[in-house]
Amino acid sequence: MRHVIALDVGGTGMKAALVGAETALSAGNPPGPPQLLHEARRPTGRERGPDAVVESILAFAADLRAYGEEHFGESAVAAGVAVPGIVDAENGIATYAANLGWRDVPMRRLLSERLHGVPVALGHDVRTGGLAEGRIGAGNGTDRFLFVPLGTGIAGAIGIDGRVEPGAHGFAGEIGHIVVRPGGIACPCGQRGCLERLASASAVTLAWAEASGDPDADAADCAKAVESGDPRALAVWRNAIEALADGLVTALTLLDPRVLIIGGGLAEAGETLFVPLRAAVEERVTFQKLPEIIPAALGDTAGCLGAGLLAWDLVAATTPTGSRPDPHPHPGSDPDSSEVTV
């Protein structure tokens, strides 16, 4: 069975899959999402150092290739990998990741060599997850969307006609570093008052641990306390919501998305987050068109599915015209392109 390898590399763990082409057209209905033929997880092992992390990724990919040969009768036709940090997707370089300790890793070349020369697509983790959410998840069918996961930090993926815009230098969508409170909390990026220092899941965790006096309390505990009416939690939650709304209104003023997709750990609070967030954004817009604000749909499979989409896009881009159709057609695809970047 024809398939690709998909890898989503995180700070502590790796998620992987063998991804088949989407289901066939039936009775005129659109094709379904890509098939996850096999899924696996492994620790990243960052405590062993960056070289060991890279070797873990390569070994994981090789094991997936072997699994595909044994169980599906053929090798993967391509691979896609999503990694954190700064990514030069065009040249296949994992430029820098603070939480993994690597610099200038030629990830695309190393993976292709380990996988016996198959083509490899490299993507930024958030943009790759956004690609999946926009194309087959919460934003399916939307021409313009902004995907914002609220996790350890806050990043964003700008979706345009089935693709995610990387920017001229690969930094597009870094909404977490919009300054919403000038002179506020110091951020590792060198600025003060960045959005992610106030409204990420980790920021809410820190604020609630301090307000509650419980060093083990986290953002999920804060959300539960909000639901029970705890005034300390309500104050922490309100501060985060107001900062987040300020950042989102700046983003939607610049980008004018049709749909705003919110994911990550903080979004797991459900309507405890979305009801006040929608209200806060609506209060702040003036001339702007208010987008639909919805939760992400794919959870922690988004990065892996997105990596699979990158791989299938690469297959389509390198397949001679007239031989095989694009398994994931979308507006703006270029059959003559030999690079897929996210």
Side-chain angles (χ1 to χ4, degrees), residues 6 8-15 82-87 97-99 123-140 142 144-159 164-167 170-178 180 187-189 194-206 218-220 222-223 240-241 243-248 250-252 255 257 259-274 277-278 281 291-307 309-310 342:
D8 178 21
V9 179
T12 58
M14 298 182 286
K15 295 180 283 291
V83 298
I86 300 171
V87 180
N99 58 354
H124 179 272
D125 56 353
V126 171
R127 290 196 291 271
T128 301
L131 177 71
E133 282 290 352
R135 202 183 292 180
I136 61 175
N140 186 13
T142 301
R144 299 286 192 280
F145 71 88
L146 177 63
F147 170 59
V148 180
L150 310 174
T152 303
I154 299 178
I158 303 165
V164 172
E165 170 58 45
F171 297 151
E174 290 292 344
I175 184 176
H177 297 290
I178 290 176
V180 294
C187 180
C189 79
C194 286
L195 177 61
E196 72 174 39
R197 299 296 292 156
L198 297 153
S200 62
S202 59
V204 172
T205 291
L206 289 172
D218 62 13
C222 184
I241 293 288
L244 181 56
D246 288 341
L248 292 176
T250 297
L252 69 88
L255 302 172
V259 175
L260 183 54
I261 305 168
I262 307 295
L266 212 58
E268 293 175 7
E271 292 304 281
T272 300
L273 173 71
F274 284 93
L277 179 60
R278 291 181 183 118
V281 172
E292 185 180 7
I293 301 176
I294 59 176
L298 300 177
D300 71 352
T301 66
C304 211
L305 284 166
L309 290 172
L310 285 182
V342 166

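We're numbering straight along the sequence, starting at 1.
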**Q.** Stepwise side chain to side chain contact (heavy atoms under 4.5 Å, CB included) check, L248 with I293
**A.** CA-CA 10 Å; L248 292 176; I293 301 176; 5.7 Å; no

Q: Mind checking the CD1-CG spacing from I158 to L255? Nearest 0.5 Å is all I need.
A: 4.5 Å

(Q) If you apply the rule salt bridge (charged side-chain N to carboxylate O under 4.0 Å, His left out), what do you find for R278 with E271, and how did you get there? (A) CA-CA 10 Å; R278 291 181 183 118; E271 292 304 281; 3.2 Å; yes

Q: Report the distance from atom CG of D218 to atom CG of L206, rounding to the nearest 0.5 Å.
A: 11.0 Å

**Q.** Test salt bridge (Lys or Arg N to Asp or Glu O under 4.0 Å) applied to E292 - qualifying residues, sequence neighbours left out
**A.** none

Q) Quick one: does L273's side chain get under 4.5 Å of L150's, heavy atoms only? A) yes

Q. Judged by atom type as modelled, is there a donor-acceptor pair below 3.5 Å linking the side chain of S202 to the main-chain atoms of T152?
A. yes

Q: Answer whether the closest heavy-atom distance between the side chains of H124 and P166 falls below 4.5 Å.
A: no

**Q.** Side-chain (E196) to main-chain (A155) donor-acceptor, under 3.5 angstrom
**A.** no

Q. If you look at every heavy atom in S200 and G151, which pair is closest and at what distance?
A. CB-O, 3.3 Å

Q. Where do T128 and D8 land on the side chain to side chain contact (heavy atoms under 4.5 Å, CB included) test, with the steps shown first?
A. CA-CA 9 Å; T128 301; D8 178 21; over 6 Å; no

(Q) If you compare all heavy atoms of A240 against all heavy atoms of A199, which two are closest, and at what distance to 0.1 Å? (A) O-CB, 3.6 Å

**Q.** L260 CG to T142 OG1 distance, which is reported to the nearest 0.5 Å
**A.** 11.5 Å

Q.
Please find the pair of heavy atoms, one from I178 and one from G247, that lie closest to each other, and give the distance.
A. CD1-O, 4.0 Å

(Q) Restricting to non-hydrogen atoms, name the atom on V180 and the atom on L195 that form the minimum distance, rounded to 0.1 Å. (A) CG2-CA, 3.9 Å

Q. Side chains of L131 and F147: closer than 4.5 Å at any heavy-atom pair?
A. no

Q) With a 4.5 Å limit on heavy-atom distance, are the side chains of L252 and L146 in contact? A) no

Q) How far apart are the closest heavy atoms of G167 and A172, and which atoms are they? A) N-CB, 3.5 Å

Q) Any donor and acceptor pair, going by atom type alone, linking the side chain of R127 with main-chain N or O of G170 inside 3.5 Å? A) yes

Q) Hey, what do you get for CG (L298) to CG (N140), rounding to the nearest 0.5 Å? A) 9.5 Å

Q: May I ask you to test the V148-V126 pair for a side-chain heavy-atom distance under 4.5 Å?
A: no

Q. Of all heavy-atom pairs between D300 and K15, which one has the smallest distance, and what is that distance?
A. O-CE, 2.8 Å

